[in-house]
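The block underneath contains the structure these notes are about, expressed in structure tokens.
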Protein chains: 2
Amino acid sequence: MSKHNISLKDIARKLGVSIPTVSRALNNKPDIGKETKRKVIELAKALNYEPNQFAINFKNQQSYIIGVIIPKIVHHFFSNVISGIITEAEKSGYSVMLFQSNESYESELKSTQTFKRSMIDGLIISLSDNTHNVDHLKNLQDHKIPVVLIDKVTDMMEASKIVCNDYKGAYDATQHLISLGKRNIAHITGARKPTTTKERYRGYKDALIANGLPVKEGLIKYCDLISEDKGYYEMKNLISQDDRPDGIFCATDPTAIGAINAIKDSGLQIPKDIAVIGFSNWNMAYIIDPPLSSVKQPDYEMGEKASALIIEEIQNIRNEQPITFKTHVMETSLIIRESTVGKKDLNSRDVLNYKIIE
Amino acid sequence: MSKHNISLKDIARKLGVSIPTVSRALNNKPDIGKETKRKVIELAKALNYEPNQFAINFKNQQSYIIGVIIPKIVHHFFSNVISGIITEAEKSGYSVMLFQSNESYESELKSTQTFKRSMIDGLIISLSDNTHNVDHLKNLQDHKIPVVLIDKVTDMMEASKIVCNDYKGAYDATQHLISLGKRNIAHITGARKPTTTKERYRGYKDALIANGLPVKEGLIKYCDLISEDKGYYEMKNLISQDDRPDGIFCATDPTAIGAINAIKDSGLQIPKDIAVIGFSNWNMAYIIDPPLSSVKQPDYEMGEKASALIIEEIQNIRNEQPITFKTHVMETSLIIRESTVGKKDLNSRDVLNYKIIE
DNA sequence: ATGAAAGCGCTAACAG
DNA sequence: CTGTTAGCGCTTTCAT
């Protein structure tokens with residue numbers, strides 16, 4: 001254990017040169033004698049010199065840290081997003097600081113406070129469902145810290161946004177059911193507030209309309225708390241109705257899994273009597289029996305894109321370039337499994353694999 | 001957008017006092033006039049003063065950042081660990097910087113470099129399976145940056161370690177099968193290198209021995225690549241053997257799920273013909289049919305503990321207190337579902353719920 | 001090609 | 001009670 005980390009000063013003293021000279025030598029600056037440079041570099045290596053990043057960050061007022069706030073880490077979609085963010089950030093030498101809001105506005109606010117300590121260079125955030133005020137984010141922007149919104153976005157502020165095409169994904173899922181001959185298609189929504197839920201609902205409705213099918217309020221179940229139990233319960237309700245559906249599009253996979261269990265428990269066949277399709281393509285989607293068809297979101301790619309964007313904005317701000325806000329819409333893909341097409345169209349052990357449309 | 005963030009100097013100038021005076025007023029130091037203090041605070045608020053953390057961190061040579069390196073974020077166990085780490089860290093005002101090694105030693109090494117930029121105060125790491133040299137971690141320790149190992153630990157260095165009692169978890173799982181009357185119990189291991197795998201193997205073996213059962217090499221399948229497919233394949237092998245097992249303990253849930261599918265595809269009954277128990281209690285464990293019994297690791301709690309420990313060590317180092325390394329062994333719990341006890345012992349819709357032993 | 005000086009924003013030590 | 005001085009480690013002028 002050395003008494004203290006060695007600094008430019010130490011090297012300068014031992015070599016009898018000035019501190020700036022050492023700095024120049026070590027940073028490949030011009031205006032430095034070849035021989036001096038060699039000696040400096042040699043000694044630096046011998047002493048195992050490591051620049052003090054606190055000093056450098058202080059000087060540059062820059063941390064190379066990107067803050068990320070998401071509602072929940074233990075979550076298939078978000079953990080993939082994070083993975084994409086980190087991988088992309090590392091390529092440019094940025095590090096990622098992670099916070100979770102647990103869908104609480106207060107917690108989100110507190111996080112913004114906590115990481116002021118670390119002076120993040122930029123923030124990527126997926127808003128909590130309970131955030132109805134974004135002053136804390138505008139405040140960051142005022143301090144020249146760019147903000148990129150991802151997935152759970154808002155119109156309350158101007159910023160670059162990354163979303164996936166929930167509308168088209170839902171439309172495709174519903175169209176898929178219709179193409180299979182289903183005519184009475186139900187829908188279980190996600191939490192009421194997020195725009196994602198509304199978009200999925202809109203896609204469902206428009207697909208029905210485009211195919212000349214009626215939109216029946218009785219076949220739509222609103223579902224604030226997302227869980228298998230809730231999906232099970234609502235599906236049971238739907239089954240007991242006079243107007244029983246022959247297909248269902250669930251806005252989330254957990255509710256779809258509950259729906260599958262409800263259908264099986266009722267002695268009905270999937271997909272013959274009722275076909276089921278979910279949204280998100282959770283890792284458990286292919287585990288359930290029958291394997292669940294679902295809409296896959298480009299989670300990892302959304303994270304990558306967010307990272308690239310925020311870094312671009314950070315650098316533009318630093319170079320006093322104007323930044324223009326863009327909204328990136330990324331496309332989903334249909335993952336078709338037995339819960340919609342049955343076993344006949346899939347190879348026997350294909351259960352674990354994908355068949356991807358578009 | 002203000003031209004520049006306002007500093008103590010700005011306040012001092014406007015008030016005609018010195019900079020340290022302003023500092024004292026704002027930091028509740030003694031030796032400050034009541035009236036001066038009031039005026040300073042008032043102006044600071046009016047100007048929306050925010051201390052420059054770069055300067056503070058520089059001065060203190062402290063970042064309040066904990067680095068975390070784990071093999072994979074998109075992973076039920078690790079995402080829970082991370083969640084625990086972050087939650088606990090926030091309580092003490094620390095932020096968490098996250099890296100994933102993707103089970104690559106090089107990537108792990110590169111992360112250690114990258115976050116030198118951010119000068120983390122301490123590191124929590126779960127080693128990649130391919131890490132056989134920990135000089136990069138010892139190097140951190142030499143720089144007075146404490147390191148806490150979690151789950152994937154090593155004997156190659158001295159440090160505090162957090163592990164779960166894989167041995168006992170495996171022992172309990174095997175004992176559970178034996179208690180159900182199973183006498184010919186197979187085992188599918190996890191990746192060969194991690195100590196966790198060896199411990200689970202040891203627990204399996206010792207439980208057999210303690211019950212006077214033979215340990216048969218033919219019933220043990222080594223499995224470097226963990227996947228459903230691999231579990232399916234090995235289970236098929238086991239079934240086709242003359243000495244067919246009547247129970248199986250899988251060191252990971254994915255292989256257990258593959259095993260379940262293999263047993264079902266072979267027309268055998270679970271658990272009557274072959275009972276199955278896994279390890280980790282992944283979220284898909286209760287989705288599979290029949291729901292999978294498994295050993296639950298205290299993932300979130302391990303993260304919490306790691307956070308608390310690293311912060312303690314950081315503070316001890318800062319106060320020049322000696323730090324003593326401890327190894328914390330945290331206990332697992334058995335989650336019993338239908339794959340071992342069948343439907344009879346569980347209520348019908350209990351499928352989604354737990355029955356926890358000890 | 002090198003050194004001297006200054007400053008980033010803050011705090012601690014010392015002096016009145 | 002308050003101001004002066006000094007320094008954290010580094011980089012960027014500006015002289016020489």
Side-chain angles (χ1 to χ4, degrees), chain A residues 2-41 43-44 47-64 116-119 121 143-144 318-319, chain B residues 2-41 43-44 47-64 116-119 121 143-145 318-320:
Chain A
S2 47
K3 58 254 125 240
H4 81 124
N5 288 328
I6 73 133
S7 66
L8 293 187
K9 196 203 249 176
D10 299 321
I11 298 180
R13 195 157 33 203
K14 296 210 190 195
L15 249 39
V17 297
S18 75
I19 296 172
T21 298
V22 178
S23 171
R24 281 187 276 253
L26 260 23
N27 291 300
N28 282 315
K29 298 280 171 176
D31 293 344
I32 176 83
K34 240 187 99 178
E35 179 57 14
T36 335
K37 182 166 178 173
R38 197 191 53 70
K39 285 200 307 207
V40 168
I41 291 180
L43 181 58
L47 292 178
N48 227 310
Y49 168 75
E50 305 232 17
N52 184 318
Q53 279 295 334
F54 283 119
I56 295 175
N57 292 351
F58 170 52
K59 183 92 177 90
N60 300 335
Q61 293 290 305
Q62 180 165 196
S63 64
Y64 288 98
K116 279 219 172 116
R117 272 203 166 163
S118 324
M119 299 303 270
D121 287 349
H143 286 272
K144 306 201 174 179
R318 221 149 259 286
N319 302 330
Chain B
S2 48
K3 52 254 122 253
H4 81 124
N5 287 328
I6 74 133
S7 66
L8 293 186
K9 198 204 252 178
D10 299 322
I11 299 180
R13 195 156 33 200
K14 296 211 191 198
L15 250 39
V17 298
S18 75
I19 296 172
T21 297
V22 178
S23 171
R24 282 187 277 252
L26 260 23
N27 291 300
N28 282 314
K29 299 279 171 177
D31 293 346
I32 175 82
K34 241 186 99 180
E35 180 58 13
T36 335
K37 183 166 178 176
R38 197 192 52 72
K39 284 201 306 205
V40 168
I41 292 179
L43 181 58
L47 293 178
N48 227 309
Y49 168 75
E50 304 233 17
N52 183 320
Q53 280 294 336
F54 284 118
I56 295 175
N57 292 349
F58 169 53
K59 184 90 175 83
N60 300 337
Q61 293 290 306
Q62 180 166 196
S63 64
Y64 288 98
K116 280 222 171 111
R117 271 203 166 161
S118 327
M119 300 302 270
D121 287 348
H143 285 271
K144 307 203 173 177
I145 297 175
R318 220 149 260 286
N319 303 331
E320 317 233 321

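Order of the sequence lines fixes the chain letters, A, B, ..., with proteins taken first and strands second; residue numbering starts at 1 for each chain. None of the values given here were measured: they were computed from a predicted structure.
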**Study point:** End axis versus end axis in the helix from C:dA1-D:dT16 to C:dG16-D:dC1, the angle rounded to 10°, five pairs used at each terminus
**Key:**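 The two end axes of the helix from C:dA1-D:dT16 to C:dG16-D:dC1 meet at 50°.
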
Practice item. Go through residues 48-56 of chain B and report each residue with a non-hydrogen atom lying under 4.0 Å from DNA chain D, sorted by number. Key: none

Hey, does the side chain of [X] come within less than 4.0 Å of [N]'s phosphate (OP1/OP2), counting only N and O?
X: B:Ser23; N: C:dT11; answer: yes
X: A:Thr21; N: C:dG3; answer: yes
X: A:Thr36; N: C:dT2; answer: yes

Exercise for review: Mind checking side-chain hydrogen bond (donor to acceptor under 3.5 Å, both in side chains) for A:Lys37 and listing every partner two or more places apart, or none if nothing turns up?
Suggested key: A:Asn28

For [X], give me all partners under side chain to side chain contact (heavy atoms under 4.5 Å, CB included), at least two apart in sequence or on another chain.
X: B:Thr21; value: B:Val17, B:Ser18, B:Arg24, B:Ile32, B:Thr36
X: A:Ile19; value: A:Leu8, A:Lys9, A:Ala12
X: B:Asp31; value: none

**Study point:** All pairs passing salt bridge (Lys or Arg N to Asp or Glu O under 4.0 Å) where residues 52-62 of chain B contributes a residue, at least two apart
**Key:**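 Sorted pair list comes back empty.
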
Review point. Taking only residues at least two apart or on different chains, which pairs with a member in residues 11-23 of chain B satisfy salt bridge (Lys or Arg N to Asp or Glu O under 4.0 Å)?
Key: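 Those involving residues 11-23 of chain B are B:Asp10-B:Arg13.
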
Distances under 3.5 Å between protein N/O atoms and the N/O atoms of nucleotides 12-16 of chain C, please, pair by pair.
{"unit_1": "C:dA12", "atom_1": "OP2", "unit_2": "B:Lys29", "atom_2": "NZ", "d": "3.3"}

Mind checking whether [X] and [Y] have side chains closer than 4.5 Å, heavy atoms only?
X: B:Leu15; Y: B:Val22; result: no
X: A:Asn5; Y: A:Glu50; result: no
X: A:Val40; Y: A:Leu26; result: yes

Taking atom [atom2] of [N] as reference, at what distance in whole Å does atom [atom1] of [X] sit?
X: A:Leu8; N: C:dG3; atom1: CG; atom2: P; result: 13 Å
X: A:Gln61; N: C:dG9; atom1: CD; atom2: P; result: 6 Å
X: B:Asn27; N: C:dG9; atom1: CG; atom2: C1'; result: 12 Å

Exercise for review: Output all residues satisfying ring pair (Phe, Tyr, Trp, His ring centres under 6.0 Å) with A:Tyr49, sequence neighbours left out; order by chain, then residue number.
Suggested key: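 Applying ring pair (Phe, Tyr, Trp, His ring centres under 6.0 Å) to A:Tyr49 gives none.
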
Study note, to complete from the structure: By nearest-heavy-atom nucleotide on DNA chain D, the more 5' of B:Ile19 and B:Phe58 is B:Ile19

Practice item. Evaluate the criterion side chain to side chain donor-acceptor pair (under 3.5 Å) for residue pair A:Ser63 and A:Asn57; output intermediate values, then yes/no. Key: CA-CA 6 Å; A:Ser63 64; A:Asn57 292 351; over 6 Å; no

Exercise for review: Please name all residues satisfying salt bridge (Lys or Arg N to Asp or Glu O under 4.0 Å) with B:Glu35, sequence neighbours left out, ordered by chain then number.
Suggested key: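 B:Arg38.
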
Revision key, fill the gap. Nt span of DNA chain D in reach of chain B heavy atoms at under 4.0 Å, 5' end first, is D:dC1 to D:dG9

Exercise for review: Output the distance between atom CD1 (A:Ile6) and atom CG (A:Asn48), rounded to the nearest 0.5 Å.
Suggested key: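 So the CD1 of A:Ile6 and the CG of A:Asn48 are separated by 8.0 Å.
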
